[in-house]
Enquirer: 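Input: one structure, supplied below.
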Amino acid sequence: MQLSSLTTLLAATGLAFRGGFCPDTIDGVPSRRDGKAPATLILVGDIGGGMWPFFSRSPEANDGAPDPLDRWTRRVVDDLAAAAGATPIYPFGGPPYWPFQRWAQRAESVFPSPLGILIHPEHGLWHAYRAALAFAEPIGLPPRAAARSPCQSCAGKPCLSACPVGAFSGMGFAVDACAGHIGQPAGEPCMTGGCLARHACPVAADRRYSGPQTRFHMVAFRRARPK
Ligand code: B12
Ligand code: SF4
Ligand code: SF4
């Protein structure tokens, strides 16, 4: 398959090409369904909420059953992978989880931010990974853009001081502090407007998710948080 054919298939789903790489053993990419080792792994995902109009109008988003985004992703990406001759791998469904953030750093120029989420020089913190596609054949990939992390030159690092409960103290993400806050009335600004730390980041402010998408992810996070 040519990359251009894959991007045409992706355009009909709202998902975007998120880079790719030729896996080594150390990358821990599983074998394909046909038993072959993948020659190319391509990541697909959301950029700036591009998938939202497609997902929000889907049957899964409106049937009231659990995990609508994961179910939508599986249906759409399973079909796309079958058409493209790829084996799909998903970031959800664990534990254990496939190391998508490690794979993402192999696939494109993204960097760990102080929030734990990867930052992209153009998309900022407003992107996510929905699946990986394992191809048996080598696929021509665009040259990787030379880029530096925007965090390196970010003067005040406002993301680190915006959380009302100090969930990002340099010791990782204090999930319990965050979860405790957003479960209380005082956490309503985070629930309706989105994570204040993420919103404090000045990079790619024009790619922030819409209100409904933000709220959807926050509700899903509140449900999924470790108890
Ligand atoms: C379990 C999980 C969580 C757990 C625990 C996170 C943690 N501390 O590890 C919880 C439920 C808390 C969580 C929360 C969120 N998560 Co989460 N999560 C995952 C998941 C499913 C597995 C992570 C894992 O264990 N991987 C296995 C290890 C071996 O893989 P790895 O790549 O080598 O590990 C990396 C991560 O652990 C990362 N990491 C370390 N500390 C932290 C802290 C945070 C907050 C995050 C996000 C990552 C992170 O660093 C490792 C090295 O690169 C991944 C998907 C995936 N399969 O990777 C998403 C994932 C990491 N999450 C993601 C996101 C966006 C979030 C949220 C922002 C969700 C939201 N509301 O929108 C929140 C953050 C909270 C907030 N205030 O908004 C995205 C990150 C995208 C990106 N740009 O990097 C991922 C990749 C899912 C996706 N579909 O894209 N998450
Ligand atoms: S506010 Fe600055 S340090 Fe924080 S994620 Fe954005 S660019 Fe990086
Ligand atoms: S959602 Fe709110 S409480 Fe949780 S980390 Fe973000 S700013 Fe802090």
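Just so you know, ligand 1 is whichever comes first in the structure, and atom 1 is the first atom listed for that ligand. Please read these numbers as outputs of a predicted model, since none were measured by experiment. Residues take their numbers from the sequence shown, with the count starting at 1.
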Enquirer: Nearest to atom 43 (C) of ligand 1 by heavy atom, G93, C190, A197, G116: which?
Expert: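 Going through G93, C190, A197, G116 one by one, G116 has the nearest heavy atom to atom 43 (C) of ligand 1.
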Enquirer: For H181, counting its heavy atoms only, list the atoms of ligand 3 lying under 4.0 Å from any of them.
Expert: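 Ligand 3 atoms under the 4.0 Å threshold to H181: 3 (S).
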Enquirer: With heavy atoms only and a cut-off of under 4.0 Å, state how L115 meets ligand 1: side chain, backbone, both or neither.
Expert: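 Backbone only.
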Enquirer: For P164, is the nearest heavy atom under 4.0 Å from an atom of ligand 3?
Expert: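 It does, in that a heavy atom of P164 comes within the 4.0 Å cut-off of ligand 3.
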Enquirer: F216 pairs by ring-ring contact (aromatic ring centres under 6.0 Å, His included) with which of W72, F55, Y209, F221?
Expert: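 Option passing the ring-ring contact (aromatic ring centres under 6.0 Å, His included) with F216: F55.
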Enquirer: Any donor-acceptor pair under 3.5 Å linking the side chain of K36 with the backbone of S31?
Expert: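 No, because the side chain of K36 does not come within donor-acceptor range (under 3.5 Å) of the backbone of S31.
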Enquirer: So, 2.8 Å as the limit: is an N/O/S atom of C163 located closer than that to atom 8 (Fe) of ligand 3?
Expert: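 Checking atom 8 (Fe) of ligand 3 against C163, an N, O or S atom does fall under 2.8 Å.
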Enquirer: With a 4.0 Å cut-off on heavy atoms, is F221 touching ligand 3?
Expert: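 Judged by the 4.0 Å heavy-atom criterion, F221 does not count as contacting ligand 3.
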Enquirer: Which is it for R207 and D46 under the salt bridge (charged side-chain N to carboxylate O under 4.0 Å, His left out) test, yes or no, and what are the steps along the way?
Expert: CA-CA 11 Å; R207 296 194 184 181; D46 186 30; over 6 Å; no
Enquirer: Below a 4.0 angstrom heavy-atom separation, can you tell me which part of C190, side chain or backbone, both or neither, approaches ligand 3?
Expert: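 Looking at C190 and ligand 3, just side chain atoms fall under 4.0 Å.
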Enquirer: Can you sort out which atoms of ligand 3 are near A197, meaning under 4.0 Å from one of its heavy atoms?
Expert: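 Heavy-atom distances to A197 below 4.0 Å select 7 (S).
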Enquirer: Need the ligand 3 atom indices (1-based, order shown) with element for anything under 4.0 Å from a heavy-atom of F168.
Expert: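 Taking each heavy atom of F168 in turn, ligand 3 has 5 (S) under 4.0 Å.
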Enquirer: Taking 4.0 angstrom as the limit, do E188 and R215 come out as a salt bridge?
Expert: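 Yes.
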Enquirer: Taking 4.0 Å as the limit for heavy-atom contacts, which would you say applies to S149 with ligand 2: side chain only, backbone only, both, or neither?
Expert: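 Answer for S149: neither.
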Enquirer: When the ring planes of H120 and H123 are compared, do they come out parallel, tilted or perpendicular, using 30° and 60° as the limits?
Expert: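 Ring orientation, 0 to 90° scale: parallel.
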Enquirer: Contact between H120 and ligand 1, counting heavy atoms under 4.0 Å?
Expert: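 No; H120 lies far enough from ligand 1 that no heavy-atom distance drops under 4.0 Å.
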Enquirer: Out of all atoms in ligand 3, which are within 4.0 Å of some heavy atom of M218? Include the element for each.
Expert: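 In order of number, 1 (S).
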